[in-house]
Amino acid sequence: MPRPIMATVSVPAMQHNLQNVASRLRTQALRLHRPAPRIWAVIKANAYGHGLANGLAGFSEADGLAMLDLDEAVACREAGWQGPLMLLEGFFDASDIDVVDTYRLTVSVHGDDQLRMLEHARPQRPIDVNLKINAGMNRLGFAPSAAAQAWHRLAALVSRGVVGQLGTMMHFSRADDDPDETQRQLSGFLELTKDMSGPVSVCNSAATLTPELWAALPQEREQWMRPGICLYGSSPFSDRSAEELGLRPVMTLASRIIGVQDCAAGACVGYGHLFTAQEPTRVGIVACGYADGYPRHAGTGTPVTVAGKKTRLLGRVSMDMLAVDLTPIPEAGIGAPVVLWGEGGPSVDDVAQAAGTVGYELLCALAPRVPRHIIPAAAPNETAAVLATGTGERQ
Ligand SMILES: *Cc1c(COP(=O)(O)O)cnc(C)c1O
């Protein structure tokens with residue numbers, strides 16, 4: 001028998017979360033009397049660790065899919081995805097442009113090198129491009145002072161049939177925690193792009209879930225949101241939970257108790273003896289460790305659920321095991337079910353917070369050795385039921 005650890009990936013939860021985002025956008029658009037923005041579902045990093053095929057199934061209703069890796073984009077096309085596919089970092093080498101052309105990919109162009117490669121390319125069909133402007137993140141993108149010139153060079157490529165639809169994009173650095181800075185970055189971008197045309201894409205999950213922000217976007221230009229993390233049921237905000245946002249966890253990491261130790265007061269647990277029992281303590285050993293992707297920095301007190309009851313982690317996480325407090329759960333023995341995060345357990349964000357990181361990192365870092373169980377897409381009539389339930393956000 002394999003170790004009793006399993007990651008369950010719920011495709012219906014992905015469908016639900018996409019629908020949650022889409023119906024928020026529709027509601028806001030109605031309120032503002034403008035067309036609903038479109039959605040690039042971000043599936044980079046193997047769909048944030050959930051598997052590309054599951055991302056394709058879960059986000060089949062998205063307007064487009066966005067990722068980084070050329071191979072991932074090709075895999076989506078070969079799996080039958082007909083809609084737009086965007087490479088968020090564009091291409092890395094001139095030879096990539098042939099693949100972009102063959103597979104009809106949309107690219108971001110964020111720097112001079114890429115622009116030069118495109119100027120030398122002779123694609124069969126015009127390539128859709130989003131000019132990426134650095135609005136304050138200082139990661140990728142043309143500096144504000146270089147944006148207008150880059151736009152003119154790309155516009156010249158439109159006339160030559162090298163570039164097809166030409167739009168603009170940017171990426172916020174603080175949409176999750178600093179509304180004033182975010183507003184400044186948006187205003188700067190809008191000022192720079194006011195004479196440009198085509199689709200606009202600025203919003204990650206945090207910005208997509210902040211309607212005041214995108215209400216400020218120019219309504220005469222087509223808007224494309226780029227939500228990622230929220231579609232996987234994790235909150236982009238530290239002060240608002242995924243549950244409060246009506247999002248459902250997509251990944252559930254579960255295991256079982258494989259050992260029990262009755263510790264007297266004064267006994268210590270695990271490597272480094274980081275936990276010392278203050279009173280008699282029943283310790284459960286769970287088949288899950290950092291080699292499975294559970295964060296080693298999670299310490300005593302990190303939430304975990306055993307046999308349906310909340311308890312806490314004890315001491316240091318080992319490579320293949322971790323210890324939990326079974327004192328309040330006397331009925332739980334060997335074989336008792338444990339939820340590390342997800343449905344029926346703490347949220348991935350709670351565990352991440354205890355480990356000083358974010359849900360993104362834990363989801364992406366799930367180790368390949370953990371077996372996956374996939375809950376398939378809801379049948380069409382069930383999908384209709386999912387659609388009918390709307391966002392499910394708590395008032
Ligand atoms: C990852 C990424 C997103 C999605 O961000 P989330 O915070 O996961 O919503 C959007 N745009 C770009 C350019 C990205 O790299």
Side-chain angles (χ1 to χ4, degrees), residues 14 17-18 20-22 24-25 37-50 52 55 58-59 62-70 72-73 84-92 105-111 114 129-142 167-179 181-182 185-186 189 199-211 213-214 217 223-242 245 247 249-251 347-349 352 357-365:
M14 292 170 139
N17 295 336
L18 176 63
N20 171 311
V21 171
R24 282 163 193 278
L25 295 176
R38 304 202 181 194
I39 298 177
W40 290 111
V42 180
I43 57 165
K44 63 188 180 192
N46 193 30
Y48 289 50
H50 295 73
L52 208 56
F59 308 137
D63 299 292
L65 301 175
M67 70 280 288
L68 306 182
D69 197 76
L70 196 60
E72 285 189 339
L85 287 167
M86 179 170 41
L87 293 174
L88 291 164
E89 296 179 358
F91 41 86
F92 300 92
L105 310 180
T106 301
V107 296
S108 127
V109 166
H110 60 74
Q114 288 178 329
V129 169
N130 285 315
L131 169 65
K132 184 161 187 176
I133 297 172
N134 171 14
M137 166 84 98
N138 290 309
R139 205 172 60 175
L140 295 182
F142 285 90
T168 48
M169 68 186 285
M170 63 155 283
H171 193 53
F172 292 119
S173 51
R174 301 202 60 179
D176 56 325
D177 71 350
D178 189 339
E181 171 61 16
T182 302
Q185 293 184 1
L186 179 59
F189 172 80
V200 182
S201 181
V202 305
C203 294
N204 58 1
S205 292
T208 301
L209 299 174
T210 308
L213 257 187
W214 58 266
L217 294 168
Q223 302 297 329
W224 283 77
M225 303 290 156
R226 298 191 311 270
I229 195 69
C230 64
L231 302 181
Y232 303 94
S234 162
S235 173
F237 306 109
S238 56
D239 59 353
R240 244 182 305 164
S241 72
L245 293 164
L247 302 169
V250 173
M251 184 194 291
S347 72
V348 70
D349 299 320
T357 182
V358 285
Y360 298 74
E361 187 180 9
L362 301 193
L363 296 174
C364 291

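As the structure lists them, so they are numbered: ligands from 1, and atoms in each ligand from 1. Here, residue 1 is the first one in the sequence, and each next residue gets the next number.
Here the CZ-OG distance, from Arg240 to Ser235, works out to 7.0 Å after rounding to the nearest 0.5 Å. The CD1 atom of Ile43 sits 3.5 Å away from atom CE of Met67, with the distance rounded to the nearest 0.5 Å.
Between the side chain of His110 and the backbone N or O of Glu89, at least one donor-acceptor pair lies under 3.5 Å.
The option with the heavy atom closest to atom 15 (O) of ligand 1, from among Met137, Met170, Lys44, is Lys44.
Residue Tyr48 places at least one N or O, backbone or side chain, under 3.5 Å from an N or O of ligand 1. When only interatomic distances are considered, the shortest N/O to N/O separation between Gly228 and ligand 1 falls below 3.5 Å. Distances between N or O atoms of Pro227 and those of ligand 1 include no value under 3.5 Å.
The parts of Ser205 lying near ligand 1 are both backbone and side chain, judged by heavy-atom distances below 4.0 Å. Here His171 has side-chain heavy atoms under 4.0 Å from ligand 1, and that is the only part of it that gets that close.
The contact set between ligand 1 and Arg226, taken as ligand atoms under 4.0 Å from a residue heavy atom, comprises 3 (C), 4 (C), 9 (O), 10 (C), 11 (N), 12 (C), 13 (C). Within the listing of ligand 1, atoms 6 (P), 8 (O), 9 (O) sit less than 4.0 angstrom from a heavy atom of Ile229.
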Give the intermediate values and the outcome of side chain to side chain contact (heavy atoms under 4.5 Å, CB included) for residues Leu362 and Thr357.
-> CA-CA 8 Å; Leu362 301 193; Thr357 182; 4.0 Å; yes
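At a threshold of 4.5 Å between non-hydrogen side-chain atoms, the residues Val21 and Met225 do not count as touching. Thr210 is not listed as a side-chain neighbour of Pro179, based on a closest heavy-atom distance of 4.5 Å or more.
The single protein non-hydrogen atom nearest to atom 7 (O) of ligand 1 is Tyr360 OH, 2.6 Å, given as residue, atom name and distance.
Between Tyr232 and Tyr48, the ring-plane angle classifies as parallel under the 30° and 60° cut-offs.
A heavy-atom separation below 4.0 Å is not found between Trp40 and ligand 1.
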